[in-house]
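Take a look at the structure set out below.
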Amino acid sequence: MEAFLLPPYDNHSRNLLWSPFQSEEHTTNIEASLDKIVKMGYWASPFPEGDGVTFKPNKQKSENEIISDFKECFDWLDVMKASHKEAVNRLALIDAEILIDCIITVPLQQIRIETSCQIADNYKYLANEKNDNITIPRIADFNSEQIEFDLKIKFGDLLKLNSSSLEHNDYVINFCLDHAERGMDIIRLRYSSFDRPEFTPNPAGQLTNGFYEVQITPNTSKRLPIKPKVYGGLSKPLSASNNWLGPEVSDHFNFNDYKLSEVLLGNEVHELGDLLIGSLRNCRQAFYTIGDETKFLSLIFSIDGLGAPDQDWNGWKHRTYITALACNENPLRFRDILESYDYLYTDIRNKLVHNGKSFYELDQDNGNSSCEKLWTIYKDIVNLILNKDFTTISELYLYAELTLKQPSFINEISTVVNKVDSTRVTKSGQPKKITLPKW
(Lines give C-alpha, C1' and ligand atoms only; values in the text may rest on other atoms or scores of the structure.)
Protein backbone atom coordinates (compact mmCIF):
# COMPACT_ATOMS: atom_id res chain seq x y z
CA MET A 1 0.00 0.00 0.00
CA GLU A 2 1.49 3.33 -1.09
CA ALA A 3 1.79 6.35 1.21
CA PHE A 4 3.10 9.79 0.40
CA LEU A 5 5.08 11.84 2.89
CA LEU A 6 4.97 15.61 2.74
CA PRO A 7 7.97 16.68 4.91
CA PRO A 8 7.43 19.58 7.34
CA TYR A 9 8.95 22.98 6.66
CA ASP A 10 9.72 25.83 9.04
CA ASN A 11 7.50 25.27 12.06
CA HIS A 12 4.51 23.77 10.19
CA SER A 13 3.17 20.25 10.59
CA ARG A 14 2.85 18.08 7.50
CA ASN A 15 1.19 14.88 6.44
CA LEU A 16 1.58 11.25 5.55
CA LEU A 17 -1.23 10.47 3.09
CA TRP A 18 -2.70 7.19 1.87
CA SER A 19 -5.90 5.81 0.37
CA PRO A 20 -8.91 6.18 2.70
CA PHE A 21 -10.39 3.06 1.12
CA GLN A 22 -7.35 0.79 1.32
CA SER A 23 -6.61 1.85 4.90
CA GLU A 24 -9.89 0.40 6.19
CA GLU A 25 -8.17 -2.98 6.58
CA HIS A 26 -5.20 -1.55 8.48
CA THR A 27 -6.69 0.03 11.61
CA THR A 28 -4.49 -2.07 13.91
CA ASN A 29 -1.35 -1.31 11.90
CA ILE A 30 -2.09 2.42 11.94
CA GLU A 31 -2.50 2.48 15.72
CA ALA A 32 0.70 0.51 16.28
CA SER A 33 2.69 2.70 13.89
CA LEU A 34 1.40 5.88 15.56
CA ASP A 35 2.63 4.57 18.93
CA LYS A 36 6.05 3.93 17.41
CA ILE A 37 6.41 7.33 15.76
CA VAL A 38 5.33 9.15 18.93
CA LYS A 39 7.99 7.25 20.92
CA MET A 40 10.57 8.43 18.38
CA GLY A 41 9.87 12.05 19.29
CA TYR A 42 6.97 13.14 17.08
CA TRP A 43 3.56 14.59 17.67
CA ALA A 44 1.21 12.68 15.35
CA SER A 45 -2.56 12.46 14.93
CA PRO A 46 -4.68 10.45 12.46
CA PHE A 47 -7.10 12.21 10.13
CA PRO A 48 -10.72 11.38 11.03
CA GLU A 49 -11.35 10.64 7.35
CA GLY A 50 -8.87 7.76 7.52
CA ASP A 51 -6.63 9.03 4.73
CA GLY A 52 -3.43 9.58 6.70
CA VAL A 53 -1.82 11.30 9.69
CA THR A 54 -0.59 14.79 10.40
CA PHE A 55 2.69 15.07 12.26
CA LYS A 56 5.45 17.31 13.53
CA PRO A 57 8.82 16.41 15.08
CA ASN A 58 9.27 17.61 18.66
CA LYS A 59 12.86 18.59 17.87
CA GLN A 60 14.72 19.61 14.75
CA LYS A 61 15.21 16.74 12.33
CA SER A 62 16.45 16.62 8.76
CA GLU A 63 14.18 15.60 5.93
CA ASN A 64 16.12 12.36 5.42
CA GLU A 65 15.78 11.51 9.13
CA ILE A 66 12.03 12.08 9.00
CA ILE A 67 11.61 9.87 5.94
CA SER A 68 13.75 7.16 7.53
CA ASP A 69 11.77 7.29 10.80
CA PHE A 70 8.44 6.95 9.02
CA LYS A 71 9.64 4.10 6.85
CA GLU A 72 10.78 2.32 10.00
CA CYS A 73 7.60 2.91 12.00
CA PHE A 74 5.17 2.42 9.10
CA ASP A 75 7.02 -0.57 7.68
CA TRP A 76 3.80 -2.06 6.29
CA LEU A 77 3.58 0.95 3.94
CA ASP A 78 5.56 1.86 0.86
CA VAL A 79 6.46 5.37 2.05
CA MET A 80 7.75 7.85 -0.52
CA LYS A 81 8.40 11.58 -0.46
CA ALA A 82 6.04 13.74 -2.55
CA SER A 83 4.78 17.28 -2.98
CA HIS A 84 1.11 17.91 -2.16
CA LYS A 85 0.19 18.00 -5.86
CA GLU A 86 2.14 14.80 -6.59
CA ALA A 87 0.50 13.03 -3.66
CA VAL A 88 -3.01 14.06 -4.68
CA ASN A 89 -2.47 12.98 -8.30
CA ARG A 90 -1.07 9.60 -7.26
CA LEU A 91 -3.85 8.97 -4.73
CA ALA A 92 -6.43 10.00 -7.30
CA LEU A 93 -5.11 7.29 -9.61
CA ILE A 94 -5.22 4.62 -6.88
CA ASP A 95 -8.94 5.16 -6.17
CA ALA A 96 -9.84 6.73 -9.51
CA GLU A 97 -12.92 4.65 -10.37
CA ILE A 98 -14.66 4.54 -7.00
CA LEU A 99 -17.99 6.37 -7.35
CA ILE A 100 -19.06 8.76 -4.60
CA ASP A 101 -22.68 9.78 -4.07
CA CYS A 102 -22.89 13.56 -4.14
CA ILE A 103 -25.58 16.22 -3.95
CA ILE A 104 -25.12 18.81 -6.68
CA THR A 105 -26.57 22.30 -6.25
CA VAL A 106 -26.46 24.74 -9.17
CA PRO A 107 -27.59 28.39 -9.18
CA LEU A 108 -30.10 29.50 -11.81
CA GLN A 109 -30.44 32.93 -13.39
CA GLN A 110 -33.18 34.51 -15.53
CA ILE A 111 -35.87 32.25 -14.11
CA ARG A 112 -38.45 32.76 -11.39
CA ILE A 113 -39.53 29.71 -9.43
CA GLU A 114 -42.66 30.82 -7.63
CA THR A 115 -42.57 28.11 -4.95
CA SER A 116 -39.92 25.48 -4.29
CA CYS A 117 -40.94 22.13 -5.75
CA GLN A 118 -39.51 18.77 -6.71
CA ILE A 119 -40.11 15.80 -8.98
CA ALA A 120 -40.16 12.89 -6.51
CA ASP A 121 -36.60 12.61 -5.16
CA ASN A 122 -35.06 13.31 -8.54
CA TYR A 123 -34.85 17.06 -9.06
CA LYS A 124 -35.48 19.90 -6.61
CA TYR A 125 -36.25 23.31 -8.08
CA LEU A 126 -35.65 25.80 -5.29
CA ALA A 127 -37.07 29.31 -5.28
CA ASN A 128 -34.99 32.25 -4.15
CA GLU A 129 -35.10 31.76 -0.39
CA LYS A 130 -36.23 35.32 0.35
CA ASN A 131 -39.35 34.80 -1.81
CA ASP A 132 -40.14 31.18 -0.94
CA ASN A 133 -43.33 30.18 0.84
CA ILE A 134 -42.33 26.54 1.32
CA THR A 135 -39.36 25.47 3.37
CA ILE A 136 -37.34 22.76 1.64
CA PRO A 137 -34.01 22.08 3.38
CA ARG A 138 -31.16 23.78 1.50
CA ILE A 139 -27.51 22.88 1.57
CA ALA A 140 -26.21 25.78 -0.55
CA ASP A 141 -26.34 29.54 0.06
CA PHE A 142 -26.78 30.77 -3.50
CA ASN A 143 -28.77 34.01 -3.57
CA SER A 144 -30.91 32.87 -6.48
CA GLU A 145 -33.11 30.05 -7.70
CA GLN A 146 -31.37 26.66 -7.61
CA ILE A 147 -31.60 23.15 -8.98
CA GLU A 148 -30.49 20.26 -6.79
CA PHE A 149 -30.04 16.56 -7.61
CA ASP A 150 -27.96 13.48 -6.80
CA LEU A 151 -24.98 12.51 -8.92
CA LYS A 152 -22.22 9.92 -8.68
CA ILE A 153 -18.73 11.36 -9.24
CA LYS A 154 -15.45 9.45 -9.37
CA PHE A 155 -13.41 9.84 -6.19
CA GLY A 156 -10.28 10.54 -8.20
CA ASP A 157 -11.96 13.49 -9.90
CA LEU A 158 -13.19 14.88 -6.58
CA LEU A 159 -9.81 14.52 -4.90
CA LYS A 160 -8.04 16.54 -7.60
CA LEU A 161 -10.41 19.52 -7.38
CA ASN A 162 -8.44 22.70 -6.58
CA SER A 163 -5.26 20.58 -6.42
CA SER A 164 -4.51 19.51 -9.97
CA SER A 165 -5.29 22.20 -12.57
CA LEU A 166 -7.90 24.70 -13.67
CA GLU A 167 -8.62 22.41 -16.60
CA HIS A 168 -9.55 19.60 -14.23
CA ASN A 169 -11.79 21.91 -12.22
CA ASP A 170 -13.53 22.94 -15.45
CA TYR A 171 -13.97 19.27 -16.40
CA VAL A 172 -15.77 18.43 -13.14
CA ILE A 173 -17.79 21.67 -13.17
CA ASN A 174 -18.96 21.02 -16.73
CA PHE A 175 -19.81 17.41 -15.84
CA CYS A 176 -22.10 18.68 -13.08
CA LEU A 177 -23.53 21.40 -15.32
CA ASP A 178 -24.38 18.89 -18.04
CA HIS A 179 -26.45 16.90 -15.56
CA ALA A 180 -28.02 20.08 -14.18
CA GLU A 181 -29.07 20.98 -17.72
CA ARG A 182 -30.85 17.64 -18.00
CA GLY A 183 -33.05 18.72 -15.10
CA MET A 184 -33.56 22.07 -16.81
CA ASP A 185 -34.56 20.27 -20.03
CA ILE A 186 -37.82 19.43 -18.25
CA ILE A 187 -38.36 23.17 -17.63
CA ARG A 188 -37.52 24.07 -21.23
CA LEU A 189 -39.90 21.42 -22.58
CA ARG A 190 -42.70 22.99 -20.56
CA TYR A 191 -41.95 26.72 -20.78
CA SER A 192 -39.44 27.59 -23.52
CA SER A 193 -40.42 28.71 -27.00
CA PHE A 194 -38.52 29.83 -30.08
CA ASP A 195 -41.34 32.28 -30.79
CA ARG A 196 -40.84 33.71 -27.29
CA PRO A 197 -37.10 33.33 -26.55
CA GLU A 198 -37.52 35.50 -23.45
CA PHE A 199 -39.08 32.44 -21.78
CA THR A 200 -35.76 30.59 -21.85
CA PRO A 201 -33.72 30.54 -18.62
CA ASN A 202 -29.98 31.13 -18.64
CA PRO A 203 -27.79 28.04 -18.87
CA ALA A 204 -27.58 26.26 -15.52
CA GLY A 205 -24.85 27.60 -13.25
CA GLN A 206 -24.16 30.69 -15.34
CA LEU A 207 -23.84 33.84 -13.25
CA THR A 208 -24.46 37.39 -14.44
CA ASN A 209 -20.70 37.98 -14.74
CA GLY A 210 -20.26 35.01 -17.08
CA PHE A 211 -18.67 32.73 -14.46
CA TYR A 212 -20.16 29.33 -13.64
CA GLU A 213 -20.62 27.83 -10.17
CA VAL A 214 -21.68 24.50 -8.67
CA GLN A 215 -21.68 23.21 -5.12
CA ILE A 216 -20.61 19.59 -4.61
CA THR A 217 -21.61 17.94 -1.33
CA PRO A 218 -20.49 14.32 -0.72
CA ASN A 219 -23.51 12.35 0.49
CA THR A 220 -22.04 9.23 2.03
CA SER A 221 -21.78 7.72 5.49
CA LYS A 222 -18.04 7.26 5.02
CA ARG A 223 -15.97 10.25 6.10
CA LEU A 224 -13.91 11.45 3.15
CA PRO A 225 -11.17 14.07 2.71
CA ILE A 226 -13.62 16.08 0.59
CA LYS A 227 -15.85 18.76 2.10
CA PRO A 228 -18.94 20.51 0.69
CA LYS A 229 -17.61 23.32 -1.45
CA VAL A 230 -18.60 25.74 -4.20
CA TYR A 231 -16.43 25.44 -7.30
CA GLY A 232 -16.44 28.12 -9.94
CA GLY A 233 -14.64 29.57 -12.91
CA LEU A 234 -14.89 30.38 -16.58
CA SER A 235 -15.46 26.76 -17.49
CA LYS A 236 -17.19 27.93 -20.69
CA PRO A 237 -15.43 30.92 -22.30
CA LEU A 238 -18.41 31.61 -24.60
CA SER A 239 -21.99 31.74 -23.37
CA ALA A 240 -25.45 33.10 -24.17
CA SER A 241 -27.66 35.06 -21.78
CA ASN A 242 -31.35 35.96 -21.70
CA ASN A 243 -31.71 39.74 -21.64
CA TRP A 244 -35.29 39.47 -20.36
CA LEU A 245 -36.70 37.86 -17.22
CA GLY A 246 -37.03 34.22 -18.25
CA PRO A 247 -39.93 31.88 -17.42
CA GLU A 248 -42.07 31.79 -14.29
CA VAL A 249 -42.16 28.20 -13.09
CA SER A 250 -44.99 26.70 -11.06
CA ASP A 251 -45.01 23.37 -9.24
CA HIS A 252 -47.48 21.59 -11.51
CA PHE A 253 -45.40 18.62 -12.64
CA ASN A 254 -47.07 15.51 -14.04
CA PHE A 255 -46.27 11.80 -14.25
CA ASN A 256 -44.57 12.21 -17.63
CA ASP A 257 -42.19 14.71 -16.03
CA TYR A 258 -41.36 12.07 -13.43
CA LYS A 259 -40.82 9.36 -16.08
CA LEU A 260 -38.56 11.68 -18.05
CA SER A 261 -36.59 12.60 -14.92
CA GLU A 262 -35.96 8.89 -14.29
CA VAL A 263 -34.44 8.62 -17.77
CA LEU A 264 -32.38 11.82 -17.49
CA LEU A 265 -30.86 10.73 -14.16
CA GLY A 266 -30.05 7.26 -15.47
CA ASN A 267 -32.45 5.49 -13.13
CA GLU A 268 -34.35 4.13 -16.14
CA VAL A 269 -32.06 2.85 -18.89
CA HIS A 270 -33.29 1.77 -22.31
CA GLU A 271 -32.72 2.37 -26.01
CA LEU A 272 -35.07 5.33 -26.38
CA GLY A 273 -33.78 6.77 -23.11
CA ASP A 274 -30.37 7.28 -24.71
CA LEU A 275 -32.02 8.95 -27.70
CA LEU A 276 -34.03 11.23 -25.40
CA ILE A 277 -30.91 12.37 -23.55
CA GLY A 278 -28.94 13.03 -26.73
CA SER A 279 -31.71 14.75 -28.67
CA LEU A 280 -32.72 16.92 -25.71
CA ARG A 281 -29.12 18.09 -25.50
CA ASN A 282 -29.28 19.19 -29.14
CA CYS A 283 -32.56 21.05 -28.52
CA ARG A 284 -31.09 22.71 -25.44
CA GLN A 285 -28.08 23.92 -27.37
CA ALA A 286 -30.38 25.22 -30.10
CA PHE A 287 -31.93 27.63 -27.59
CA TYR A 288 -28.51 29.11 -26.81
CA THR A 289 -27.12 29.11 -30.35
CA ILE A 290 -26.66 32.54 -31.90
CA GLY A 291 -26.75 31.38 -35.53
CA ASP A 292 -30.32 31.01 -36.80
CA GLU A 293 -29.46 28.38 -39.40
CA THR A 294 -27.54 26.30 -36.84
CA LYS A 295 -30.50 26.54 -34.45
CA PHE A 296 -32.86 25.24 -37.13
CA LEU A 297 -30.57 22.40 -38.20
CA SER A 298 -30.05 21.34 -34.58
CA LEU A 299 -33.80 20.83 -34.27
CA ILE A 300 -33.96 18.89 -37.54
CA PHE A 301 -31.15 16.71 -36.21
CA SER A 302 -32.93 16.32 -32.85
CA ILE A 303 -36.13 15.05 -34.47
CA ASP A 304 -34.24 12.52 -36.56
CA GLY A 305 -32.12 11.60 -33.55
CA LEU A 306 -35.17 10.85 -31.42
CA GLY A 307 -37.32 9.20 -34.09
CA ALA A 308 -34.35 7.22 -35.48
CA PRO A 309 -35.82 6.61 -38.96
CA ASP A 310 -34.26 3.79 -40.96
CA GLN A 311 -31.32 5.05 -43.01
CA ASP A 312 -33.04 3.87 -46.22
CA TRP A 313 -36.15 5.96 -45.56
CA ASN A 314 -35.99 9.22 -47.45
CA GLY A 315 -38.38 11.65 -49.08
CA TRP A 316 -42.03 10.96 -48.29
CA LYS A 317 -41.17 7.70 -46.52
CA HIS A 318 -39.14 9.67 -44.00
CA ARG A 319 -41.63 12.56 -43.73
CA THR A 320 -44.67 10.32 -43.18
CA TYR A 321 -42.85 8.28 -40.54
CA ILE A 322 -41.90 11.34 -38.46
CA THR A 323 -45.37 12.85 -38.89
CA ALA A 324 -47.06 9.63 -37.74
CA LEU A 325 -45.12 9.87 -34.48
CA ALA A 326 -46.12 13.50 -33.95
CA CYS A 327 -49.81 13.59 -34.95
CA ASN A 328 -51.37 11.85 -31.93
CA GLU A 329 -53.31 9.51 -34.27
CA ASN A 330 -55.35 12.43 -35.65
CA PRO A 331 -55.67 12.31 -39.48
CA LEU A 332 -56.39 16.03 -39.87
CA ARG A 333 -53.45 16.94 -37.69
CA PHE A 334 -51.37 14.44 -39.63
CA ARG A 335 -52.16 16.31 -42.86
CA ASP A 336 -51.18 19.70 -41.40
CA ILE A 337 -47.95 18.44 -39.87
CA LEU A 338 -46.95 16.45 -42.97
CA GLU A 339 -47.30 19.41 -45.30
CA SER A 340 -45.50 21.74 -42.89
CA TYR A 341 -42.72 19.29 -42.02
CA ASP A 342 -42.03 18.43 -45.65
CA TYR A 343 -41.74 22.15 -46.46
CA LEU A 344 -39.36 22.69 -43.54
CA TYR A 345 -37.26 19.71 -44.56
CA THR A 346 -37.30 19.92 -48.35
CA ASP A 347 -37.54 23.63 -49.03
CA ILE A 348 -35.54 24.95 -46.08
CA ARG A 349 -33.31 22.25 -44.59
CA ASN A 350 -32.12 20.89 -47.93
CA LYS A 351 -31.42 24.36 -49.32
CA LEU A 352 -29.51 25.37 -46.20
CA VAL A 353 -27.40 22.21 -46.32
CA HIS A 354 -27.02 21.50 -50.04
CA ASN A 355 -27.35 24.93 -51.64
CA GLY A 356 -25.58 27.09 -49.06
CA LYS A 357 -28.59 29.35 -48.59
CA SER A 358 -29.35 31.43 -45.48
CA PHE A 359 -32.71 32.14 -43.88
CA TYR A 360 -32.64 35.63 -45.31
CA GLU A 361 -32.09 34.35 -48.85
CA LEU A 362 -35.05 32.02 -48.29
CA ASP A 363 -37.21 34.90 -46.99
CA GLN A 364 -37.43 33.27 -43.56
CA ASP A 365 -36.57 36.35 -41.45
CA ASN A 366 -34.81 34.98 -38.33
CA GLY A 367 -36.28 31.48 -38.55
CA ASN A 368 -37.95 31.53 -35.11
CA SER A 369 -41.33 30.51 -36.52
CA SER A 370 -39.80 27.58 -38.42
CA CYS A 371 -37.86 26.53 -35.33
CA GLU A 372 -41.01 26.65 -33.21
CA LYS A 373 -42.80 24.29 -35.63
CA LEU A 374 -39.94 21.82 -35.36
CA TRP A 375 -39.82 22.21 -31.58
CA THR A 376 -43.54 21.36 -31.44
CA ILE A 377 -43.00 18.23 -33.54
CA TYR A 378 -40.13 17.19 -31.29
CA LYS A 379 -42.19 17.67 -28.11
CA ASP A 380 -45.06 15.66 -29.62
CA ILE A 381 -42.72 12.72 -30.20
CA VAL A 382 -41.38 13.00 -26.64
CA ASN A 383 -44.95 12.89 -25.33
CA LEU A 384 -45.73 9.86 -27.48
CA ILE A 385 -42.76 7.94 -26.04
CA LEU A 386 -43.67 8.86 -22.47
CA ASN A 387 -47.43 8.31 -22.86
CA LYS A 388 -46.98 4.88 -24.46
CA ASP A 389 -44.01 3.87 -22.26
CA PHE A 390 -42.03 3.00 -25.38
CA THR A 391 -38.46 1.87 -24.72
CA THR A 392 -37.23 0.62 -28.14
CA ILE A 393 -36.95 1.97 -31.67
CA SER A 394 -38.84 -1.08 -32.96
CA GLU A 395 -41.87 0.04 -30.94
CA LEU A 396 -41.78 3.40 -32.72
CA TYR A 397 -41.56 1.65 -36.10
CA LEU A 398 -44.50 -0.62 -35.33
CA TYR A 399 -46.62 2.26 -34.02
CA ALA A 400 -45.94 4.37 -37.12
CA GLU A 401 -46.56 1.47 -39.50
CA LEU A 402 -49.90 0.59 -37.91
CA THR A 403 -50.94 4.24 -38.04
CA LEU A 404 -49.91 4.77 -41.65
CA LYS A 405 -51.73 1.64 -42.86
CA GLN A 406 -55.09 2.97 -41.71
CA PRO A 407 -57.33 4.09 -44.63
CA SER A 408 -57.82 7.60 -43.22
CA PHE A 409 -54.05 8.17 -43.11
CA ILE A 410 -53.51 6.64 -46.55
CA ASN A 411 -56.00 9.19 -47.91
CA GLU A 412 -54.21 12.08 -46.19
CA ILE A 413 -50.85 10.92 -47.53
CA SER A 414 -52.23 10.80 -51.06
CA THR A 415 -53.80 14.26 -50.70
CA VAL A 416 -50.61 15.92 -49.43
CA VAL A 417 -48.17 14.17 -51.76
CA ASN A 418 -50.24 14.91 -54.85
CA LYS A 419 -50.74 18.53 -53.81
CA VAL A 420 -47.08 19.20 -53.02
CA ASP A 421 -45.32 17.18 -55.72
CA SER A 422 -47.57 18.51 -58.49
CA THR A 423 -45.85 21.89 -58.00
CA ARG A 424 -42.29 20.55 -58.00
CA VAL A 425 -39.92 19.88 -60.84
CA THR A 426 -36.76 17.82 -61.21
CA LYS A 427 -33.29 19.35 -61.62
CA SER A 428 -33.76 19.17 -65.39
CA GLY A 429 -37.00 21.15 -65.12
CA GLN A 430 -39.34 18.23 -65.78
CA PRO A 431 -42.51 17.69 -63.68
CA LYS A 432 -41.72 15.51 -60.71
CA LYS A 433 -43.06 11.98 -60.85
CA ILE A 434 -45.57 11.47 -58.05
CA THR A 435 -44.88 8.33 -56.04
CA LEU A 436 -46.64 7.48 -52.79
CA PRO A 437 -44.60 5.89 -49.96
CA LYS A 438 -45.38 2.25 -49.25
CA TRP A 439 -46.03 1.08 -45.72
Side-chain angles (χ1 to χ4, degrees), residues 185 189-190 254-264 268-280 282-283 299-347 349-350 372-422 424 432-439:
D185 285 335
L189 276 169
R190 181 181 291 271
N254 58 39
F255 192 54
N256 275 357
D257 295 323
Y258 167 72
K259 289 191 285 188
L260 181 57
S261 73
E262 286 285 283
V263 169
L264 296 175
E268 187 78 25
V269 179
H270 49 72
E271 187 178 32
L272 290 183
D274 293 339
L275 300 186
L276 278 165
I277 292 172
S279 60
L280 274 169
N282 291 325
C283 291
L299 292 165
I300 288 282
F301 182 70
S302 297
I303 292 171
D304 280 345
L306 182 58
D310 188 279
Q311 62 181 0
D312 293 329
W313 296 350
N314 50 46
W316 289 113
K317 183 91 170 180
H318 167 267
R319 313 298 188 267
T320 52
Y321 167 70
I322 293 295
T323 304
L325 300 180
C327 74
N328 197 26
E329 301 178 32
N330 184 319
L332 294 179
R333 192 159 188 270
F334 175 87
R335 179 201 299 177
D336 292 339
I337 295 175
L338 180 58
E339 191 167 349
S340 173
Y341 181 57
D342 178 71
Y343 172 76
L344 294 169
Y345 206 99
T346 304
D347 293 330
R349 180 267 182 197
N350 287 349
E372 184 64 22
K373 292 174 183 176
L374 293 174
W375 177 230
T376 300
I377 291 172
Y378 177 84
K379 290 190 292 183
D380 287 336
I381 300 175
V382 171
N383 285 330
L384 169 71
I385 292 171
L386 297 175
N387 287 334
K388 300 288 187 181
D389 291 320
F390 288 161
T391 60
T392 65
I393 295 173
S394 61
E395 288 175 297
L396 290 181
Y397 287 2
L398 179 60
Y399 172 86
E401 183 179 358
L402 293 176
T403 298
L404 294 167
K405 284 183 175 180
Q406 296 178 37
S408 57
F409 286 91
I410 293 173
N411 290 337
E412 297 299 343
I413 292 172
S414 178
T415 298
V416 173
V417 173
N418 279 282
K419 175 185 174 182
V420 172
D421 278 0
S422 65
R424 288 176 173 161
K432 185 175 181 180
K433 181 181 178 181
I434 297 175
T435 305
L436 299 179
K438 296 180 180 180
W439 286 99

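Computation of the quantities below employed the complete heavy-atom set of this structure, encompassing side-chain atoms and omitting hydrogens, waters and symmetry-equivalent molecules.
For the pair Asn387/Asn328, no side-chain contact is recorded, criterion being any heavy-atom separation below 4.5 Å from C-beta on. Side-chain contact between Leu275 and Leu306: present, with at least one pair of heavy atoms (C-beta onward) separated by less than 4.5 Å. Under the 4.5 Å side-chain criterion, counting only non-hydrogen atoms from C-beta, Tyr341 is not in contact with Thr320. Counting heavy atoms from C-beta on, the side chains of Glu339 and Thr415 never come closer than 4.5 Å.
Counting all heavy atoms, side chain and backbone alike, Ile434 lies closest to Ser422 at CD1-N, 4.2 Å. The minimum heavy-atom distance linking Tyr397 with Gly307 is given by the pair CE1-O, 4.3 Å. Heavy-atom minimum distance, Asn256 versus Asn254: N-OD1, 3.0 Å.
Residue Tyr345 holds its OH atom at 14.5 Å from OG of Ser340, rounded to the nearest 0.5 Å. For the atom pair OG of Ser394 and CG of Leu272, the computed distance is 8.5 Å after rounding to the nearest 0.5 Å. In this structure, CD on Glu372 lies 9.5 Å from CG on Leu299, to the nearest 0.5 angstrom. For the atom pair CD of Gln406 and CH2 of Trp439, the computed distance is 13.5 Å after rounding to the nearest 0.5 Å. Of the inter-residue distances, the one linking Asp274 atom CG with Thr391 atom OG1 reads 11.5 Å to the nearest 0.5 angstrom.
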Leu338 and Arg319: side chain to side chain contact (heavy atoms under 4.5 Å, CB included), yes or no, with the steps? CA-CA 7 Å; Leu338 180 58; Arg319 313 298 188 267; 3.8 Å; yes
Going through the distances and angles, do Glu329 and Tyr399 end up as a side chain to side chain contact (heavy atoms under 4.5 Å, CB included)? CA-CA 10 Å; Glu329 301 178 32; Tyr399 172 86; 2.9 Å; yes
Stepwise side chain to side chain contact (heavy atoms under 4.5 Å, CB included) check, Leu396 with Glu271: CA-CA 11 Å; Leu396 290 181; Glu271 187 178 32; over 6 Å; no
Test Leu189 against Trp375 for side chain to side chain contact (heavy atoms under 4.5 Å, CB included), laying out the working first. CA-CA 9 Å; Leu189 276 169; Trp375 177 230; 3.7 Å; yes
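Salt bridge status for Glu395 with Lys388: absent, with no side-chain N to carboxylate O gap under 4.0 Å. Lys419 and Asp342 are not joined by a salt bridge, as no carboxylate oxygen comes within less than 4.0 angstrom of a charged side-chain nitrogen.
Side-chain atoms of Lys259 come within 3.5 Å of backbone atoms of Leu386 as a donor-acceptor pair (strictly under, hydrogens ignored). When atom types are taken as modelled, the side chain of Glu412 and the backbone of Arg335 share no donor-acceptor pair closer than 3.5 angstrom. Looking only at distances, no side-chain donor or acceptor of Thr346 sits under 3.5 Å from a matching main-chain atom of Tyr343.
For residues 306-316, the side-chain hydrogen bond (donor to acceptor under 3.5 Å, both in side chains) pairs, not counting sequence neighbours, are Trp316-Asp421.
Between Ser414 and Asn418, the side chains place a donor N or O and an acceptor N or O closer than 3.5 Å (distance only, hydrogens not considered).
Aromatic ring pairs are classed by plane angle as parallel below 30°, tilted from 30° to 60° and perpendicular above 60°; the pair Phe334 and Phe409 is perpendicular.
With Pro309 as the fixed residue, the side-chain contact (heavy atoms from CB on, under 4.5 Å) test singles out one of Ile393, Ile303, Asp304: Asp304.
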Identify each donor-acceptor pair in which a side-chain atom of residues 377-385 lies under 3.5 Å from a protein atom, sequence neighbours left out, and give them as a table.
| residue | atom | partner | partner atom | Å |
| --- | --- | --- | --- | --- |
| Tyr378 | OH | Ser279 | OG | 2.7 |
| Tyr378 | OH | Leu280 | N | 3.2 |
| Asp380 | OD2 | Arg333 | NH1 | 3.3 |
| Asp380 | OD2 | Arg333 | NH2 | 2.7 |
| Asn383 | ND2 | Lys379 | O | 3.3 |

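Other residues, nucleotides and ligands contribute at most 12 non-hydrogen atoms within 6.0 Å of the OH atom of Tyr258.
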